[in-house]
Amino acid sequence: MARNSRRSFLKQAAIAGTALAANRWTTGFAQSASTAARIYVDPAQRIAPLDRFVFGSFIEHLGRSVYEGIYDPGSKLSDANGFRKDVLDEIKKMGVPVIRYPGGNFVSGYNWLDGVGPKDKRPVVLDKAWNTIETNQFGTNEFIQWCRLVGTEPLFGLNLGTGTPEMAAALVEYCNQESGTKWSDLRREHGIAKPHGVKWWCLGNEMDGPWQIGHMPAREYGLKARDCAQQMRMVDPSLQLIACGSSSPGMQTYLEWDRQVLEECYDMVDGISLHCYYRNDAQESGAAGDTARFLSFNLDMENQIAEIAGVCDYVKARKHSRKRLWLSFDEWNVWYRQRGGDGKRQRAPHLLEEVYNLEDALLVGGFCNSLMRRADRVRIACLAQLVNVIAPITTNKDGFFRQTIYWPYAWALQCARGDVLDLAVESPTYNVRGIPPVPYIDVAATMDGKAVAMFILNRDLENARDVEIIWRESPPQKALFSQVLTGPDLKAFNSFEAPKKVAPELFESSTRKIRVPPRSYTVIQWGN
Ligand code: AHR
C-alpha cells in the first residue's frame with residue numbers, strides 16, 4: 001500500500017481509536033450517526049502474542065466436578081483408571097491448555113498427603129469448605145495422569161489456609177524432585193519414578209474472603225505467601241508463582257488487599273490472581289434482570305484487569321523493581337442461580353449445577369473477547385469451572401451434554417491463534433444507567449500468519465447489525481470456519497432432553513460486509 005493510503009487508513013482508524021482511548025469501555029464510538037459498525041484491521045497493529053493459557057479452566061473437588069465428572073470408576077463410560085473416557089475425549093478435543101486444581105475454597109482445608117499413595121489407605125474426610133464427604137480416591141497423581149492424557153498443563157492450588165509453607169514446599173518436592181529426598185522418594189514409593197515437573201502454582205485461594213478457611217489480613221497473607229514462595233523456589237527455581245489477589249471487585253478491601261499483599265511478596269512472585277463471577281439479578285451487580293447491562297459486564301472485567309495491573313505497577317515503581325507481574329484471571333464465569341453449596345455431608349452431591357442460557361453464552365463470548373484484548377497483561381485465565389459445577393459440560397451416568405456457554409469458549413479455543421490484533425472499532429452505542437455508553441458491537445481478532453479469526457458479540461437485543469470490515473492490507477481469501485450462536489429466546493437453555501436447543505448455526509460471511517443477528521456471538525476464521 002502506498003504511503004498516502006496507509007496514512008489515510010490510519011487516520012480513519014485513529015478517529016475510532018480516539019474514542020477507544022478516551023473511553024474505558026474500550027470499543028465505543030459514542031453518538032455515531034451511522035447504524036453500521038466498522039472494524040478496521042491493520043496487521044501491523046498488534047496487542048500481543050496470544051498466550052493460549054488465557055483459555056484455561058478449573059476443576060475443583062466440589063460437587064460432581066471430580067467424582068461423576070472426570071472420575072467415575074464404577075461407570076460403563078470409564079477407562080481402567082476410572083477416568084470418564086467421554087469427558088476426557090471431549091476436553092482433549094476442545095484443547096483446554098491449562099487446568100487449575102484442586103480448588104477453590106476446597107484447597108484451603110486440603111491435606112495433599114490424604115490424596116496420594118495406595119487408594120485403600122487414603123482417609124475419608126469431611127471437606128469443611130463445602131460440607132462434603134471427600135474420599136480422596138482422586139488426588140495429585142491421578143490429576144497429573146489425567147492431565148497428560150488430556151494434553152493439558154496442571155495449575156496447582158496450594159493450601160495457605162490450614163496448610164503451612166513447609167507442606168507447600170513438600171508438595172513441590174514430591175512432584176518435581178527426581179529422587180533422593182524424603183518427599184521425592186515418597187512419590188517413587190507410590191509408583192511414580194519420573195517427576196511430574198509441575199510449573200504453575202497458586203499460592204492459596206481467595207484469602208481475602210471471610211468465607212475462606214484460614215482467611216487472614218493482607219499483610220499476614222503476603223508474608224506467608226513470601227515464605228512459601230521462598231521455600232518452594234529453593235526446591236525448584238523454575239516455578240511460576242501466583243499470589244492471591246482480591247476475590248472480587250465487590251470486596252471492601254479490593255485493591256488495598258492487592259497492594260498490601262504485593263508490598264510483602266512482590267519480588268517472590270510472578271503473577272497475581274483475579275476472580276469475578278457475574279450475575280443477571282439485583283445482587284452485587286445492580287442489574288436486576290437487565291440483559292442490556294448484563295451483556296456489558298465483560299467491559300467491567302477489562303476494568304478490573306486495568307485496576308489490578310495499576311496496583312501491580314504502583315508497587316513495582318515503589319520498589320524500583322524491574323519485574324512486571326502478569327495477571328492470572330483464574331476464576332471467571334456467570335454464576336448466580338445455584339449459590340449456597342452445602343454438600344450435606346454427602347459424597348459427590350449435586351452442587352452449584354448452574355444451567356446456562358443463551359444470554360449467559362453471549363456474555364461468555366464477551367469475556368473471551370476481553371481476555372484476548374488484554375493479552376498484553378493476562379497470561380492465565382480459567383473459566384470456572386469445567387465439568388458439572390458452574391460448567392460448560394454436564395454429565396450423567398449415560399453421557400454428557402454441552403451447555404450454552406460451551407460454544408463461545410470452544411470457539412476461542414479452536415480459532416484464536418497467533419497475535420491479538422489491535423482493532424479500531426466504530427460502533428453505535430446504547431445507554432445504561434451509571435456507566436459510559438456501551439457499544440453494540442464488541443470485537444476481538446487474532447492473526448496467525450495470514451489467517452485471521454474474528455469474534456463478534458452483538459449486544460443489540462432487537463436488531464441485526466451491519467458490520468463493515470476495512471482491511472489495511474488485502475484480506476484473506478476464504479472463510480474456513482464461520483458460525484453464530486443466537487436465537488429468539490435469551491432464556492433458552494440446553495439439557496439432556498434437548499441438548500441442541502441452543503446450538504451453533506452456520507454464518508454467511510464475507511470479508512468486507514457482514515450482518516450479525518440480534519443477540520448473537522459470531523466467529524469467523526479466514527485463511528488463504
Ligand atoms: O468456583 C467456585 C468457588 O468460587 C471457588 O471454590 C472459590 O474460589 C470461589 O469463591
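We count ligands from 1, going down the list as the structure has it; atoms in each ligand are counted the same way. Note that these values count all heavy atoms, side chains included, but never hydrogens, waters or copies made by symmetry.
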Run the numbers for me: atoms of ligand 1, each under 4.0 Å from some heavy atom of W130, listed by number.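 In order of numbering, the contacting atoms are 6 (O).
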
Interfacing atoms of ligand 1 (cut-off 4.0 Å, heavy-atom, F58):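 This gives 1 (O) as the contact atoms.
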
Has ligand 1 got any nitrogen or oxygen that is less than 3.5 angstrom from a nitrogen or oxygen of W335? no

Is there at least one pair of N or O atoms, one from N105 and one from ligand 1, spaced under 3.5 Å apart?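 For ligand 1, there is an N or O atom that lies under 3.5 Å from one belonging to N105.
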
Any side-chain heavy-atom pair from I242 and L155 closer than 4.5 angstrom?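 A side-chain contact under 4.5 Å exists here.
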
Are any non-hydrogen side-chain atoms of R519 and R459 less than 4.5 angstrom apart?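 No, too far: nothing below the 4.5 Å cut-off.
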
If you have a sec, work out which protein heavy atom is nearest atom 2 (C) of ligand 1 and how many Å separate them, to one decimal?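 That would be Q385 NE2, 3.5 Å.
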
For atom 6 (O) of ligand 1, closest protein heavy-atom neighbour: E60 OE1, 2.6 Å

At under 4.0 Å between heavy atoms, what of V389 touches ligand 1? The answer is neither

Which option wins on minimum heavy-atom distance to atom 1 (O) of ligand 1: W211, F106, Y277? Y277

Nearest non-hydrogen contact with atom 4 (O) of ligand 1 belongs to which option: E331, R100, E206?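 Answer by nearest heavy atom: E331.
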
Aromatic rings F156 and Y101: how do their planes relate, parallel, tilted or perpendicular, breaks at 30° and 60°? perpendicular

Should the ring pair W411 and W407 be called parallel, tilted or perpendicular, given that the plane angle runs from 0 to 90° and is split at 30 and 60?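 Tilted: the ring planes of W411 and W407 meet at 30° to 60°.
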
Restricting to pairs with a member in residues 353-394, which pass ring-ring contact (aromatic ring centres under 6.0 Å, His included), not counting sequence neighbours?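 Pairs touching residues 353-394 that pass the test: Y278-F367, W332-F367.
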
Applying salt bridge (charged side-chain N to carboxylate O under 4.0 Å, His left out) between D270 and each of R379, R233, R324, K199, report the one that passes. R233

One pair to check against side chain to side chain donor-acceptor pair (under 3.5 Å): S108 and N105. What are the steps and the verdict? CA-CA 6 Å; S108 297; N105 296 341; over 6 Å; no

